[in-house]
Each structure stands twice: as C-alpha cells, then as structure tokens.
A.B. asks: 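I have a structure I would like to understand better, so I am pasting it below and will then ask my questions one at a time.
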Protein chains: 2
Amino acid sequence: MDIEDLATDEKIKYVQDTLFVVSGKWKLPILIAISQGSERFRDIQRSVPPITTRVLSKELKDLEQNKLVRRTVYDTSPVVVEYTVSPYCKSLKPLVDEMIKWGVNHRKKVTES
Amino acid sequence: MDIEDLATDEKIKYVQDTLFVVSGKWKLPILIAISQGSERFRDIQRSVPPITTRVLSKELKDLEQNKLVRRTVYDTSPVVVEYTVSPYCKSLKPLVDEMIKWGVNHRKKVTES
DNA sequence: CTGTATCCATGATGATACTG
DNA sequence: CAGTATCATCATGGATACAG
C-alpha cells in the first residue's frame, strides 16, 4: 500500500492512531525499561520513577492491548507476573528513530537566535 | 550526529520533545488546513471543525513558537492576519510519513483475531 | 475579523489505603 | 508482590460573551 494514495483525512486518522499509542509521559520509558530487563511490575515501577501503581497499571494495559507488551502470569505462590516486549514492538524502531532525529534537529532550530 | 550514540535518557527526551510539538487533536489538521490554502484565522477555523477560537488561538501560538507557522499582520483596517506554513514545516514529512505507515500497519495488527 | 476573558465540565494524575 | 479502590487535585478543552 502506498500511503500517498490515502486521502488527507485518512492520513490524519492514522497519524492520530499512532500518536495515541506512543504519546504520553510514560509509554516509551516503560517499553524501554521492560526491554532492558525490568520484567516485574515492581521492577518497572522502580525503573520509571515517579510513576504510581495506578498509572503504571493502566499504561501496561494499554500497551498490552496494542500488542507491544506481553503479560504472562505464572501460577506460583505468590503469583508472579512477567512483562516482556513483544516482537512486534520492534516495528516501532523506524518511527522512534525519526522522532529522535527530528527532536535533535528541532532543538537546534528553536534555540537559534 | 548519529542518534545511536545518544544515551537512552536523551533519546527519550528528544522523543518527548517531538511528541509535544505534533501531539494533540489539532496540530496536524491545522497545518494541513493552512498548507491547503486556509490562511486566515476564520478560514482555518472553518476548515478544522469543531475547533473553538480559544483553542485555535493557542494551537497557532504553539505552532508559531515552534517555527512551523508564520504569522503576518497587515496593517490595514480592519487588520488582516495571515498564517502560512514555514519552509521548516516540510522537515516534518519523513516523520509524519512514518506515523502514517505505522498507523496503517498497526490497525491491521490490532484487528487481527 | 481576530482574537481574549470567563466560567465550567471532563478526564488525567497523584496520594493513599487496601485486597488477594 | 501485583495490583484495585477511593478521594483530591489539576490541566485541558469546550461554551459563551465580548473587546479592538
């Protein structure tokens, strides 16, 4: 599919979808924390301060729903829950790289006198 | 500059910067409206419904501050104000294209059973 | 026409406590 | 440990009126 064929409205809609998935204060930091080895709820919370349990819980649910994070429950006692980033998560890389590049360049641009 | 050399924290910071500039319901639709020829405040408002004057005013200020939009006041009577997209605005294209691509793909992904 | 000011509803977030 | 529940707070956005 060639994105140039999309109508303007459609383009906007897809952009909004994408923004919705990665926007906010926490989504990317959480993904990074998990991918760097914090797989338990409590670990993630410690790695991404100062996030509260309430917010972390919600964010993890969003990420799971978007298939970027997988949640596995081990039926031990006490229960162990493990979060991992999905393979699909890698598909974000080109996008995130573009965001970094643009952000770097933009900082230069707006601080120019 | 190679973005791979950046520390994780720096990457996150730049991503957040970028998100801040383009996020929200209105920023992209406004840019598109202007670039498609709606150069007056009232025209833009009509092209991007149902935005209120209050919100449009604020969004335009943000965009101007980020140098994506230029505001020109003509000293006529009554005053005419013209908004145009800056040349710099074009630098968003690779990013926006990535967002569209990811959004298209993501929709397929999440609607998979 | 181009906004600003005011008031209000809503949702997001934080703090804290509590459950299994 | 892994969350949920509740309450307070705050930022955002909409509706409306109005000023230059």
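All chains are named by letter (A, B, ...) in the order of the sequence lines, taking the proteins before the strands, and each is independently numbered beginning at 1. Because the structure is a prediction, the values reported are computed rather than measured.
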A.B. asks: Hey, does the side chain of A:Arg40 come within less than 4.0 Å of D:dA2's phosphate (OP1/OP2), counting only N and O?
C.D. replies: yes
A.B. asks: How many Å lie between CG on A:Leu56 and C1' on C:dT16, as a whole number?
C.D. replies: 17 Å
A.B. asks: What is the distance, to the nearest angstrom, from the NZ atom on A:Lys27 to the P atom on C:dA12?
C.D. replies: 10 Å
A.B. asks: Nearest heavy atom decides the nucleotide; on that basis, is B:Gln45 or A:Gly24 closer to the 5' end of DNA chain C?
C.D. replies: B:Gln45
A.B. asks: Measure from CG on B:Asp75 to P on D:dG20 and round the result to the nearest Å.
C.D. replies: 17 Å
A.B. asks: Hey, does A:Tyr83 reach any base, or is it just sugar-phosphate, or nothing, if we go heavy atoms under 4.0 Å?
C.D. replies: sugar-phosphate
A.B. asks: Would you please confirm or rule out a distance under 4.0 Å between OP1 or OP2 of C:dT2 and any side-chain N or O of B:Lys61?
C.D. replies: no
A.B. asks: Please tell me which of A:Trp26 and A:Pro78 maps to the more 5' nucleotide of DNA chain C, matching each residue to the nucleotide holding its nearest heavy atom.
C.D. replies: A:Trp26
A.B. asks: So does B:Arg54 get a side-chain nitrogen or oxygen closer than 4.0 Å to the phosphate oxygens (OP1/OP2) of C:dC8?
C.D. replies: no
A.B. asks: So that I can tick it off, tell me whether A:Lys101 and A:Glu98 are bridged by a salt bridge, with the cut-off set at under 4.0 angstrom between side-chain N and carboxylate O.
C.D. replies: yes
A.B. asks: For the side chain of B:Val55, counting heavy atoms from C-beta on, which of C:dT13, C:dT2, D:dG14 is nearest?
C.D. replies: D:dG14
A.B. asks: At less than 4.0 Å, is any side-chain N or O atom of A:Lys58 found next to OP1 or OP2 of D:dA2? Yes or no.
C.D. replies: no
A.B. asks: With the side chain of B:Arg71 defined as its heavy atoms from C-beta on, choose the nearest nucleotide among D:dA2, C:dT2, D:dA15.
C.D. replies: C:dT2
A.B. asks: Could you check whether atom CD of B:Glu82 has more than 12 heavy atoms from other residues, nucleotides or ligands sitting under 6.0 Å from it?
C.D. replies: yes
A.B. asks: List the atom of A:Leu6, the atom of A:Glu10, and the distance in Å for their closest heavy-atom pair.
C.D. replies: CD2-OE1, 3.6 Å
A.B. asks: Taking only side-chain nitrogens and oxygens of A:Ser57, does any of them come within less than 4.0 Å of OP1 or OP2 of D:dT4?
C.D. replies: yes
A.B. asks: Starting at atom CZ of A:Phe20, determine the distance to atom P of C:dG11, rounded to an integer number of angstrom.
C.D. replies: 13 Å
A.B. asks: Starting at atom CD of B:Glu82, determine the distance to atom C1' of C:dG3, rounded to an integer number of angstrom.
C.D. replies: 17 Å
A.B. asks: Can you tell me how far P of C:dG11 sits from NZ of A:Lys25, to the nearest Å?
C.D. replies: 20 Å
A.B. asks: Rounded to whole Å, how long is the line connecting atom CD of B:Glu59 with atom C1' of C:dG3?
C.D. replies: 15 Å
A.B. asks: Answer with yes or no whether B:Thr53 presents, from its side chain, a donor or acceptor under 3.5 Å of a partner atom in the base of C:dT2.
C.D. replies: no
A.B. asks: Under 4.0 Å between a side-chain N or O of A:Arg42 and OP1 or OP2 of D:dA2?
C.D. replies: no
A.B. asks: Using salt bridge (Lys or Arg N to Asp or Glu O under 4.0 Å) as the criterion, list what pairs up with B:Lys109, not counting sequence neighbours.
C.D. replies: none
A.B. asks: Check the pair B:His106, A:Tyr88 against side chain to side chain donor-acceptor pair (under 3.5 Å), reporting the backbone distance first and the verdict last.
C.D. replies: CA-CA 10 Å; B:His106 186 61; A:Tyr88 175 53; 2.6 Å; yes
A.B. asks: Quick one: A:Glu39 CD to D:dA2 C1', roughly how many Å, whole number?
C.D. replies: 16 Å
